[in-house]
Amino acid sequence: MAYLNYDEIVSAVQILAEKYPTLTTQVPLPNLTVESRSVGALAIGKMRGPDQRTAIFVGGVHAREWVPPDALISLAADLLEAYSSGTGLRYGSSYFDKPTVASIVDRIQIVILPCANPDGRVFSQNVDGDWRKNRRPMVNRQGAVCYGVDINRNFDVAWDFKLHFAPGGVSASDDPCHKYLYVGPAAASEPETRNIVWLLDSLPGTGWFVDVHSAIPAVFHSWGLDSNQTTAPEQNFLNPAFDGIRGNPDDSYGEFITEADLDTVRGLARAMKDAITLVAGDDYNVGPAFELYATSGASDDYSYSRHLARPELPKVLGFTMECGHEFQPDDGGRETTIKEVCAGLLAFCAQVTSASA
């Protein structure tokens, strides 16, 4: 089976919304891409609206990672079909019975943004399979025209990496011609970034955010800025006293997270991992995103940082799932990875539903 293209993803969202009108709402996002493509999400749940307890699942931020958009469409279709027909869901040995499926749809709202970066996906599928960024044209210092901003370095959390991090201590670049890691001309400069920010702003009931990527395989939680610590609250991304030293794994600085939040995100990440392992035996790593490398301006850290930067905002626990072993696996690998994503996210939903009951 071929990977879904942008038009097919748009059609799939529309078809699901039309087939299940009492369980879904289409959510058009306000910002067109640079190439004038629209971006849309799908809200799923018996009760939907801004103040409902919500989990946001995002895919397709990095264009060359073709599986996540397909997986999120599959998750939506599977969940809606199972709920409507009164059945459970099975992915390998990972099973969610009828009461679990019903509880998820009855008790929380799931908002699925399957393809956050449609321009990049179109370019990756038709021109350069290794394309990661969006398609914004930029001019570098030498006057060369280059394309693309890495959406997952463009969020407003420690975005100015040269200020916030030690030299060479972060996976980011201010060179517009860097093929993979250009952070953009300003925080949240990109329409794709602003669409995700808009979702978080527009849904104050959101408590959880998962950005689905590939291919490590792993489930990451906060933080990606630096190693976690729970004893020194003054060591945090908002404190300029620690600018210029973040990102080194073996120094005295660590990003503060409360013990309660750390226990919660660890538990949710492990629930995803355990469900994924039951699909086909793959053993996903679990840990803070910093275990991969230090990142600035990433979506998972941004979602969690919002309530710390602006205490009037609700707390959102942020995660990144890195699914599978390849960016564009063949049919067999694709189907297995889709099942792993579905199982992991359903286990996540079952866990938060149980905790918030």
Side-chain angles (χ1 to χ4, degrees), residues 1-13 32-40 57-75 112-138 140 144-154 171-173 175-184 190-193 195-196 211-218 220 280 282 284 292-293 295 297-299 320-342:
M1 181 183 293
Y3 286 94
L4 297 174
N5 62 35
Y6 164 71
D7 292 330
E8 290 167 338
I9 292 168
V10 172
S11 295
V13 170
L32 296 178
T33 67
V34 171
E35 295 178 349
S36 298
R37 291 185 175 89
S38 60
V39 183
F57 300 152
V58 174
V61 167
H62 286 153
R64 65 184 178 180
E65 300 166 11
W66 291 2
V67 174
D70 293 45
L72 291 180
I73 292 294
S74 292
L75 172 65
I112 289 176
L113 172 54
C115 187
N117 177 15
D119 293 353
R121 187 171 182 87
V122 170
F123 191 78
S124 177
Q125 290 185 328
N126 291 281
V127 181
D128 179 358
D130 192 40
W131 193 257
R132 169 180 163 111
K133 303 178 293 180
N134 72 358
R135 291 295 296 163
R136 172 186 287 278
M138 298 290 296
N140 72 2
V145 178
C146 304
Y147 288 86
V149 171
D150 183 351
I151 303 306
N152 210 33
R153 299 295 184 274
N154 191 238
S171 173
S173 174
D175 177 3
C177 292
H178 195 291
K179 185 173 181 180
Y180 304 111
L181 297 173
Y182 176 49
V183 301
E190 304 311 294
E192 298 87 354
T193 310
N195 280 332
I196 294 172
D211 193 354
V212 185
H213 287 257
S214 60
I216 299 294
F220 294 124
D282 208 347
Y284 278 44
L292 182 60
Y293 42 62
T295 52
S299 66
T320 292
M321 178 191 291
E322 290 273 356
C323 66
H325 296 262
E326 301 175 72
F327 294 138
Q328 299 145 26
D330 61 16
D331 286 352
R334 172 183 177 272
E335 291 305 310
T336 297
T337 305
I338 285 174
K339 291 175 183 178
E340 290 175 343
V341 173
C342 291

Measuring from D130:CG to Q328:CD, what's the distance to the nearest 0.5 Å? 8.0 Å
CG/N117 to CZ/R64 distance, rounded to the nearest 0.5 angstrom? 12.5 Å
Considering the options T336, T337, D282, which one meets the side chain to side chain donor-acceptor pair (under 3.5 Å) requirement together with H325? D282
Tell me whether D128 is salt-bridged to K133, with the criterion being a basic N under 4.0 Å from an acidic carboxylate O. no
Do you know which two heavy atoms are closest between R153 and Y293, and how far apart they sit? NH2-CE1, 3.5 Å
How many angstroms lie between CG in L75 and CZ in F57, if you round to the nearest 0.5 Å? 7.0 Å
Can you confirm whether the side chains of E192 and N134 place a donor and an acceptor under 3.5 Å from each other? yes
Give me the atom names and distance for the closest heavy-atom approach of P114 to I9. CG-CG2, 3.8 Å
Residue pair T320 / H213: nearest heavy atoms and the distance that separates them: CG2-CD2, 3.9 Å
Which residues satisfy the side-chain contact (heavy atoms from CB on, under 4.5 Å) test with L32, sequence neighbours excluded? S38
Please report the shortest heavy-atom distance between S173 and D175, naming the atom on each side. OG-N, 3.0 Å
In chain order, what residues pass the side-chain contact (heavy atoms from CB on, under 4.5 Å) check against E35, with sequence neighbours excluded? T33, R37, D119, R135
Return yes if some donor-acceptor pair links the side-chain N/O of Y284 with the main-chain N/O of G324 below 3.5 Å, else return no. yes
Nearest 0.5 Å, what's the CD-CZ distance between E65 and R132? 7.0 Å
Please find the pair of heavy atoms, one from C146 and one from N140, that lie closest to each other, and give the distance. SG-ND2, 4.4 Å
Closest contact, heavy atoms only, I196 versus A116: CD1-CB, 4.3 Å
